[in-house]
Amino acid sequence: MEFSISKETFTKALQKIQGIVEKRNTMPILSNALLEASNGMLHVTATDLEVGMKSSYPVTVSKEGKITVSAKKIYEIIKELSDEEITFSTKENDWIEIHCGKAHFNIVGLSPEEFPYFPKVNDSIFVSISNNFLSEMIEKTAYAICNDETKFNLNGIFIKASSEGDKNVIRMVATDGHRLSVAEKDFEGTISSELSKGVIFPKKGIYELKKIAEEENGDIMLGFMDNSAVIKKDNTVIVMRLIDGEFPDYTKVIPANNDKKITISREALLHSLRRMAILSSEKFKGIKLDVQSGNIEISSSNPELGDAREEQEVVYDGTPISVRFNARYLIDVLTVLRDDQVELDLRDELSPIVMKPTAKEDFMSVIMPMRL
Amino acid sequence: MDGQQKENPFGGRIIMHVDMNAFFASVEQQRDPNLRGKPVAVVGSSKRTIVTTCSYEARAFGVKTGMALWEAKRCCPDLILVVGRNREYTHISSLIMQLMHDFTPLVETFSVDEAFLDISGSLTLFGTPENIAHQLKARIRERFGLTCSIGIAPNKLLAKLASDMQKPDGLTFIPLDQVAPVMDRTPIRDMCGIGKKTEKALTMLGIRTCGDLGRFPVKLLRQKFGIVGEALHRMGLGMDDSPVVPTDESDQVKSVGHSMTLEHDLEKREEILRYLLQLAEMVGRRMRRYGVTGKTVCLSVRYADFYTNFSRQLTLPRYTNLSADIYHGAVTLLDSVQLAQPVRLLGVKLSNLRHQDEQLSLFEGERKKAHLAKAMDEVNSRFGEFSVTFGTLLADDAKKGSFVISPAWRPEGIRKVDVE
């Protein structure tokens with residue numbers, strides 16, 4: 001195989017797959033990228049068997065063929081080459097030759113025969129979703145994904161669509177067992193059977209999806225095949241194996257009777273929490289909220305450091321209530337919201353609270369308190 | 001004061017080491033007058049136990065701690081064996097430690113029957129160090145009928161050495177000007193911290209007494225023993241600046257574990273599992289009581305030949321103190337090895353500890369687990385350990401719990417293990 005390519009394109013192509021390749025050295029081939037030259041195109045593929053990505057770029061192909069090479073090494077090399085045309089060719093025994101200006105590299109590759117199969121994608125399976133819409137929903141939920149690998153059914157975002165009344169709604173839900181975030185949006189188009197049942201996208205795939213959603217404007221095509229989700233945008237296809245597990249019935253967790261409703265400025269609460277959280281530590285991580293008519297006191301006490309408190313005005317006229325939280329959980333939510341005012345719905349000190357933008361129904365976070 | 005301390009290599013401290021004489025055996029002799037003046041050995045309750053302590057009368061026959069029963073009986077055919085009541089000993093130990101607090105707040109429990117007291121600041125109240133020692137000895141004798149040996153010296157190292165010099169019921173004071181002559185008389189093996197191996201290595205260098213050790217060129221010691229050489233040199237000079245650390249302020253506990261020697265060697269997986277569950281519950285129970293969670297489970301196994309043992313550890317996905325999680329970790333570890341022999345001893349330990357997260361769970365299932373553990377703990381606190389327990393543990397009538405007082409036992413805090 002032999003092709004020539006500009007440094008810029010090659011760098012971009014290789015950079016894109018760096019997040020995909022396997023970092024643990026379980027199967028050496030998985031830390032390699034598959035490079036295929038055919039029909040005037042270079043196809044770059046990487047996979048860790050869970051999430052795979054294939055991107056295609058127009059190049060000058062002088063001899064068709066394919067090879068695999070360490071994704072990390074080749075990226076390091078290409079990045080450092082001069083801004084000239086790069087010639088990439090293969091020799092016997094899977095050796096690779098790279099020429100660029102006065103630089104020459106001979107690199108060991110691995111036979112492409114060993115590279116895992118990347119599914120052929122049928123274009124008819126897709127529905128189209130706006131990229132902004134996806135990236136926003138992911139941003140609002142992804143921080144709540146559970147990192148505990150034994151709770152594998154929580155290691156991703158649950159995505160489900162349904163038609164409610166005369167419109168279709170798509171929801172994304174993530175939880176780590178302590179907090180839960182739900183984002184929803186109206187959407188147009190047909191609901192596939194997978195989406196109506198609900199599917200769990202793995203965390204790694206979600207981050208890749210978010211990356212390409214944020215790259216450039218343009219719709220993202222979403223489809224499903226063989227227990228995998230397929231995502232297509234421009235010249236890139238991502239295939240991710242869906243998490244084979246049952247997402248817990250999150251609707252049961254959403255409290256219905258939280259009648260103590262507080263409205264507060266999002267910015268003010270966020271900054272105040274950040275200040276108070278400075279005093280929390282591994283051992284003393286809770287911050288306390290004392291709410292009474294018209295104001296909230298946020299305080300933090302750490303026997304090893306000292307204590308701090310701050311008052312903020314709130315709209316509230318119910319009975320006083322005190323509750324303690326891991327500050328991180330509140331900060332995570334306030335950080336992803338853009339609204340001026342947020343609403344906190346409480347019931348008592350041991351019940352979950354609901355946090356959401358005031359007078360909006362497209363997002364909600366449910367957070368479990370700590371013991372007082 | 002500071003300047004004075006710098007000039008004086010021993011500082012201005014007065015440290016006392018209290019060593020209860022044949023503690024367990026003396027407690028038994030107090031309880032039962034028939035045992036007084038007779039050779040008594042306190043032994044464990046299991047079938048294959050060893051001598052944990054013996055009275056001075058038994059020691060005269062050559063009976064020693066750690067002997068197998070047949071061995072002890074061979075030394076002394078009239079030896080009276082008494083099954084130890086560890087709960088009683090820890091209880092009395094706690095009371096004695098409390099008594100010591102009447103003289104100074106700086107009491108460091110060294111083991112169940114030994115403690116260091118820093119009485120430097122107590123002299124204005126109680127007079128001379130000897131006076132304090134006499135008062136303490138009198139109170140312990142009055143209240144418990146027990147004797148102890150007390151060593152008084154400028155530091156912990158020498159105080160421990162001094163208490164060893166006269167037993168039973170001794171009182172030895174090593175004042176500053178006596179340190180050098182005492183060092184010259186003391187064989188190195190008498191020094192706490194010098195074991196058989198070090199003794200042998202030092203003897204090879206021609207060092208027999210602590211005095212020899214102190215005079216030996218520190219450079220050569222460093223070459224031979226590394227940084228330990230430096231410590232040995234200071235030891236030889238009778239120098240030690242380690243403070244008396246009150247038990248409640250001592251450095252954070254790094255692990256919580258329990259182990260037990262089995263009544264008979266086990267081969268069957270299901271039987272081993274039953275003991276693992278019991279140990280996991282003991283560990284979990286103690287962790288929950290003191291509000292800590294841990295992430296690394298360690299399983300230790302000693303084989304029937306008594307000499308080969310191994311331990312394996314694994315890191316759990318999350319911090320926990322639930323018995324079920326600890327148990328599952330231990331079982332995973334057990335299944336990762338092929339047992340070469342029947343098992344004699346099993347141990348389960350949780351380390352990588354941190355303060356318990358009081359974060360409640362969003363999901364009811366998880367919350368139920370926490371509530372269940374809490375409810376079980378409450379019942380067991382009230383009606384005794386294992387009053388409510390797992391069904392599998394009911395399969396045998398064997399007693400459950402801790403039967404051995406570990407060297408790490410302390411009268412308060414998470415190291416306070418309730419023993420049976």
Side-chain angles (χ1 to χ4, degrees), chain A residues 144 146-155 173-182 246-255 280-288 301-304 323-330 347-355 364-372, chain B residues 248-254 256 287-297 314-322 324-333 335-336 350-375 377-378 413-414:
Chain A
C146 181
N147 290 315
D148 176 350
E149 282 176 20
T150 57
K151 297 180 181 167
F152 65 95
N153 58 329
L154 303 184
N155 295 161
V173 189
T175 179
D176 62 5
H178 296 152
R179 36 112 173 235
L180 174 133
S181 287
V182 189
E246 186 116 347
F247 200 79
D249 182 1
Y250 70 92
T251 54
K252 277 195 183 147
V253 171
I254 298 172
S280 54
S281 64
E282 183 60 62
K283 204 166 164 186
F284 304 97
K285 66 175 88 161
I287 52 117
K288 199 166 159 238
S301 166
N302 182 338
E304 285 164 0
V323 62
R324 201 157 77 96
F325 287 103
N326 179 341
R328 177 87 261 137
Y329 295 167
L330 301 178
R347 192 165 71 161
D348 56 47
E349 78 272 11
L350 293 178
S351 301
I353 66 151
V354 173
M355 186 142 99
M364 137 186 328
S365 181
V366 182
I367 303 170
M368 201 64 192
M370 300 176 83
R371 236 176 260 284
L372 267 179
Chain B
D248 48 338
E249 288 171 28
S250 62
D251 53 346
Q252 291 229 315
V253 174
K254 295 200 176 68
V256 174
M287 299 196 51
R288 295 191 293 273
R289 177 179 291 174
Y290 294 100
V292 291
T293 54
K295 213 176 176 192
T296 305
V297 181
L314 113 150
T315 300
L316 300 171
R318 55 181 168 269
Y319 285 88
T320 187
N321 58 18
L322 293 179
D325 293 343
I326 302 169
Y327 171 69
H328 286 306
V331 173
T332 309
L333 287 167
D335 290 342
S336 72
L350 205 56
S351 57
N352 197 349
L353 304 184
R354 77 172 187 192
H355 200 259
Q356 181 165 20
D357 197 344
E358 288 155 289
Q359 174 68 50
L360 303 166
S361 173
L362 208 47
F363 294 108
E364 211 185 341
E366 295 288 321
R367 274 209 302 273
K368 272 188 179 157
K369 281 191 211 165
H371 285 154
L372 175 66
K374 196 162 176 246
D377 288 345
E378 275 168 13
I414 192 166

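Using a 4.5 Å cut-off between heavy atoms, A:Tyr329 touches chain B through its side chain atoms alone. Heavy-atom distances place the backbone of A:Arg179, and not its side chain, under 4.5 Å from chain B. When heavy atoms are compared at a cutoff of 4.5 Å, A:Thr175 approaches chain B solely by way of its side chain, counted from C-beta outward.
Here A:Lys252 does not pair with B:Glu364 in a salt bridge; the nearest charged N to carboxylate O distance is not below 4.0 Å.
Of the inter-residue distances, the one linking A:Asp176 atom CG with B:Arg318 atom CZ reads 11.5 Å to the nearest 0.5 angstrom. Rounding to the nearest 0.5 Å places CD1 of A:Ile367 at 13.0 Å from CG of B:Leu360. In this structure, NZ on A:Lys285 lies 11.0 Å from NE2 on B:His355, to the nearest 0.5 angstrom. The CD atom of B:Glu366 sits 4.5 Å away from the NZ atom of A:Lys151 when rounded to the nearest 0.5 Å.
B:Ser361 approaches A:Gly177 most closely through the heavy-atom pair OG-O, 3.3 Å.
Of the listed residues (A:Pro352, A:Gly286, A:Pro248), the one with the most heavy-atom contacts under 4.5 Å to chain B is A:Pro248. The greatest number of non-hydrogen atom pairs below 4.5 Å with chain B, out of A:Arg324, A:Met370, A:Glu149, is found for A:Met370.
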